Asks: 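Input: one structure, supplied below.
Note that the structure is predicted; figures quoted are calculated from it, not measured.
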Amino acid sequence: MPKTADISLPDPSRWKALVFIALAQLMVVLDATIVNIALPHAQHDLGISEANKQWVITAYALAFGGLLLFGGRIADLWGRKRAFVVGLLGFAGASALGGAATGEAMLLGSRALQGAFGALLAPAALSLLAVMFTDAKERAKAFGIYGAIAGGGGAVGLILGGVLTEYLNWRWTFFVNIPFAIVAAAGAYFVIREPAGGRNRSTLDIPGVVLSTLGLVSLVYGFTRAESDGWSDTTTVGLFVASALLLAAFVLTEAKVKSPLLPLRVLTERNRGGVYLSLGLAIIAMFGLFLFLTYYLQIVRGYSPVKTGFAFLPMIAGMITGSTQIGARLMTRVAPRLLMGPGFLVAGVGMLMLTQLDVGSSYAGLILPAQLLLGLGMGTAFMPAMSLATHGVRPEDAGVASAMVNTSQQVGGAIGTALLNTIAASATTAYITSHAAGATNQKLLQAQAMVHGYSNAIWWAVGILATAAAIAFTLINTGRPGAGSVTAASGDGVEDEIKVPVVAH
């Protein structure tokens, strides 16, 4: 006979806590793109070579992507509140170091530290939401806000990066994180009350930590190398082979050890697996697009950094609307797959419009409506995806389940940047080769070739979004939140069934 689970009243400070959790998430997502626009200025000031400039981005991505599962497990072990506050303060310290950098090594070290503390902070933030918001309707609103930030924060980073670089100094793209982090950490310390009984105090799985970290670092670095050195480069191939072997060894280890870093039950539940896979694919398409639109607007159209940043506003508006007005309102009324699948398809239609880009395309006539559709679709899909990431998970697994979402996003971003950029570069080279003989204006030819490359890569992104939609429709089969019984877990890890009255909406 199952135990009767103790359902306590909702945390009275949960909405205040959401403000600080959202602020921290915004800071982490901003940091993924804010440095991109400042990079040329930092490179010039610090004398960073052309060959090493990619490490400003790669150092962060490797540390963040490689340590996410470890960070999620630490959050389960320490408690999410403590991991959240430590992550924020560490991120602030690393940002101060980056802003004060006097040379290449100091800047790259600070970026790796930012990534490491981000890997502790990000899963703690998402799992705090999962354990604090238990009512289906409130959970939908909370994850709507979180999903909008997770989806739109990267574009906000482009705007903020442009403004800070153009009107202040590249160093402020680092310093701007410090007030964000201090306010969020202070708010979290005084406001967040983590529910009892959700910690996982079992011993740390050291082999799992080593294998997952090395496997993920090899995977992310492999895609980064592919972008700069080609897919057939010996080191690139070696990194992919090493990653496959390390991750396979990790799965075998997790199946055998008593206290796994990533319990396989987190992955094998079809709804969570469907979220991780479809979200990772969608991020591949999105990150590639951010890159191409930034290049198109700045290089082909001659936009300034600030103007380029503001050109992304329709996408942000679409994401916020899709997440908070469509996703959050419908999440308690329809099954998640009926939001995620159509959301990815609507985003795919926006992406399909951008395959028509040419050198003189109208911003208002093509780019703006395409961005609106992309934002609406992604926002609508992101919201239930973030909520489903911890669907039916035991409280002691909430941190590592949240880390898996961040991992799928981080790996998806690395793949998207490398894969789509490689496709675009190949198409650009082929266009120049075939049109060089009859060209009278070399500058125009270069611009046409670049846009041709972007269009080719965006066609791939359309296909990737269609695949993400198919996975969402196929794998995700849970009903709408609040329909029927809810499974919870007591502190000892024994799952109990709790009958919850369903309110008709």
Asks: With a 4.5 Å cut-off on side-chain heavy atoms, are Pro342 and Phe473 touching?
Replies: yes
Asks: Determine whether a donor-acceptor pair (N or O, by modelled atom type, separation under 3.5 Å) exists between the side chain of Ser218 and the backbone of Leu214.
Replies: yes
Asks: Taking only residues two or more places apart in sequence or in another chain, which ones pass ring-ring contact (aromatic ring centres under 6.0 Å, His included) with Phe175?
Replies: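 For Phe175, the residues satisfying ring-ring contact (aromatic ring centres under 6.0 Å, His included) (neighbours in sequence not counted) are Trp172.
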Asks: Ignoring hydrogens and geometry, is there a side-chain-to-backbone donor-acceptor pair from Arg270 to Thr474 under 3.5 Å?
Replies: yes
Asks: Identify the two heavy atoms, one from Pro260 and one from Arg73, that lie closest to each other, and give their separation to 0.1 Å.
Replies: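 Scanning both residues, the minimum pair turns out to be O-NE, 4.4 Å.
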Asks: On a heavy-atom basis, which atom in Leu465 and which in Ala285 lie closest, and how many Å separate them?
Replies: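 Closest approach of Leu465 to Ala285: CG-CB, 3.8 Å.
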Asks: Apply side chain to side chain contact (heavy atoms under 4.5 Å, CB included) to Trp459 and Met351, showing your working.
Replies: CA-CA 8 Å; Trp459 271 111; Met351 198 74 82; over 6 Å; no
Asks: With a sphere of 6.0 Å drawn around CH2 of Trp460, does it hold more than 12 non-hydrogen atoms of other residues, nucleotides or ligands?
Replies: no
Asks: Measuring from atom CG of Leu89 to atom CG of Leu120, what distance do you get when rounded to the nearest 0.5 angstrom?
Replies: 10.5 Å
Asks: Mind running side chain to side chain contact (heavy atoms under 4.5 Å, CB included) on Leu121 and Gln25 for me, showing each step along the way?
Replies: CA-CA 8 Å; Leu121 163 63; Gln25 173 65 11; over 6 Å; no
Asks: Return the CD to OG distance between Glu254 and Ser212, rounded to the nearest 0.5 Å.
Replies: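 Those atoms lie 7.5 Å apart.
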Asks: Just so I know, are the side chains of Trp78 and Val86 near enough to count as touching, which here means a heavy-atom distance under 4.5 Å?
Replies: yes
Asks: Quick one: closest heavy-atom pair of Ala124 and Ala83, and the distance?
Replies: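 In this case the closest contact between Ala124 and Ala83 is CB-CB, 4.1 Å.
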Asks: What is the distance from atom OG of Ser243 to atom CG of Leu219, rounded to the nearest 0.5 Å?
Replies: 4.0 Å
Asks: Please answer whether the main-chain N or O of Arg265 pairs with a side-chain N or O of Arg272 as donor and acceptor at a distance below 3.5 Å.
Replies: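 Checking the backbone N and O of Arg265 against the side chain of Arg272, a donor-acceptor pair under 3.5 Å is found.
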Asks: If you round to the nearest 0.5 Å, how far is CG of Leu18 from CG of Leu23?
Replies: 11.0 Å
Asks: Find out whether Phe344 and Met378 are in side-chain contact, i.e. whether some heavy atom of one side chain is under 4.5 Å from a heavy atom of the other.
Replies: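 Yes - at least one pair of side-chain heavy atoms lies under 4.5 Å apart.
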Asks: Under 3.5 Å, is there a donor-acceptor pair between the side chain of Arg111 and the main chain of Ala59?
Replies: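 Such a contact is absent between Arg111 side chain and Ala59 backbone.
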Asks: Hey, does the side chain of Ser323 reach the backbone of Ile320 with a donor-acceptor pair shorter than 3.5 angstrom?
Replies: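 Checked: no pair found.
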Asks: Please tabulate, one pair per line, all N/O donor-acceptor pairs under 3.5 Å involving side-chain atoms of residues 177-186, not counting sequence neighbours.
Replies:
from, atom 1, to, atom 2, distance (Å)
Asn177, ND2, Asp31, OD1, 2.9
Asn177, ND2, Ser95, OG, 3.2

Asks: Between Leu46 and Leu107, is a side chain to side chain contact (heavy atoms under 4.5 Å, CB included) present by the stated rule, with each step listed?
Replies: CA-CA 9 Å; Leu46 300 180; Leu107 183 66; 3.8 Å; yes
Asks: Indicate the ring-plane relationship of Phe91 and Tyr60, choosing parallel, tilted or perpendicular according to the 30° and 60° boundaries.
Replies: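 The rings of Phe91 and Tyr60 stand perpendicular, inter-plane angle above 60°.
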Asks: Side chain of Arg171, backbone of Gly99: donor and acceptor closer than 3.5 Å?
Replies: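 It does hold such a pair.
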Asks: Is any side-chain heavy atom of Thr213 closer than 4.5 Å to a side-chain heavy atom of Phe250?
Replies: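 SC-SC contact between Thr213 and Phe250 ruled out.
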Asks: Is any side-chain heavy atom of Trp231 closer than 4.5 Å to a side-chain heavy atom of Val237?
Replies: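 With C-beta onward as the side chain, the pair stays apart.
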Asks: Measure centre to centre between the rings of Tyr454 and Phe292, then say whether the value is under 6.0 Å.
Replies: yes
Asks: If I take atom CD1 from residue Ile464 and atom OG from residue Ser278, how far apart are they, to the nearest 0.5 angstrom?
Replies: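 Output value for this atom pair is 13.5 Å.
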Asks: Report yes if the side chains of Leu211 and Leu247 come closer than 4.5 Å at any heavy-atom pair, otherwise no.
Replies: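 No, their side chains stay 4.5 Å or more apart.
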Asks: Ala100 and Met106: which non-hydrogen atoms are nearest, and at how many Å?
Replies: O-CE, 3.7 Å
Asks: Looking at Ile476 and Pro336, what are the two nearest heavy atoms and their distance?
Replies: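 That closest heavy-atom pairing would be CG2-CB, 4.3 Å.
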Asks: Does the side chain of Leu374 come within less than 4.5 Å of Met286's, by heavy atoms?
Replies: yes
Asks: Contact between Leu68 and Leu216 at the side-chain level, heavy atoms closer than 4.5 Å - yes or no?
Replies: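 No - every pair of side-chain heavy atoms lies 4.5 Å or more apart.
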Asks: Given 3.5 Å as the limit, does a donor-acceptor pair link the side chain of Asn271 with the main chain of Asn477, or not?
Replies: yes
Asks: Between Ala63 and Ala112, which heavy-atom pair has the shortest distance, and what is it?
Replies: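 Result for this residue pair: CB-O, 3.2 Å.
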Asks: About how many Å separate CD1 of Ile471 and CG of Leu281, when rounded to the nearest 0.5 Å?
Replies: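 Those atoms lie 5.0 Å apart.
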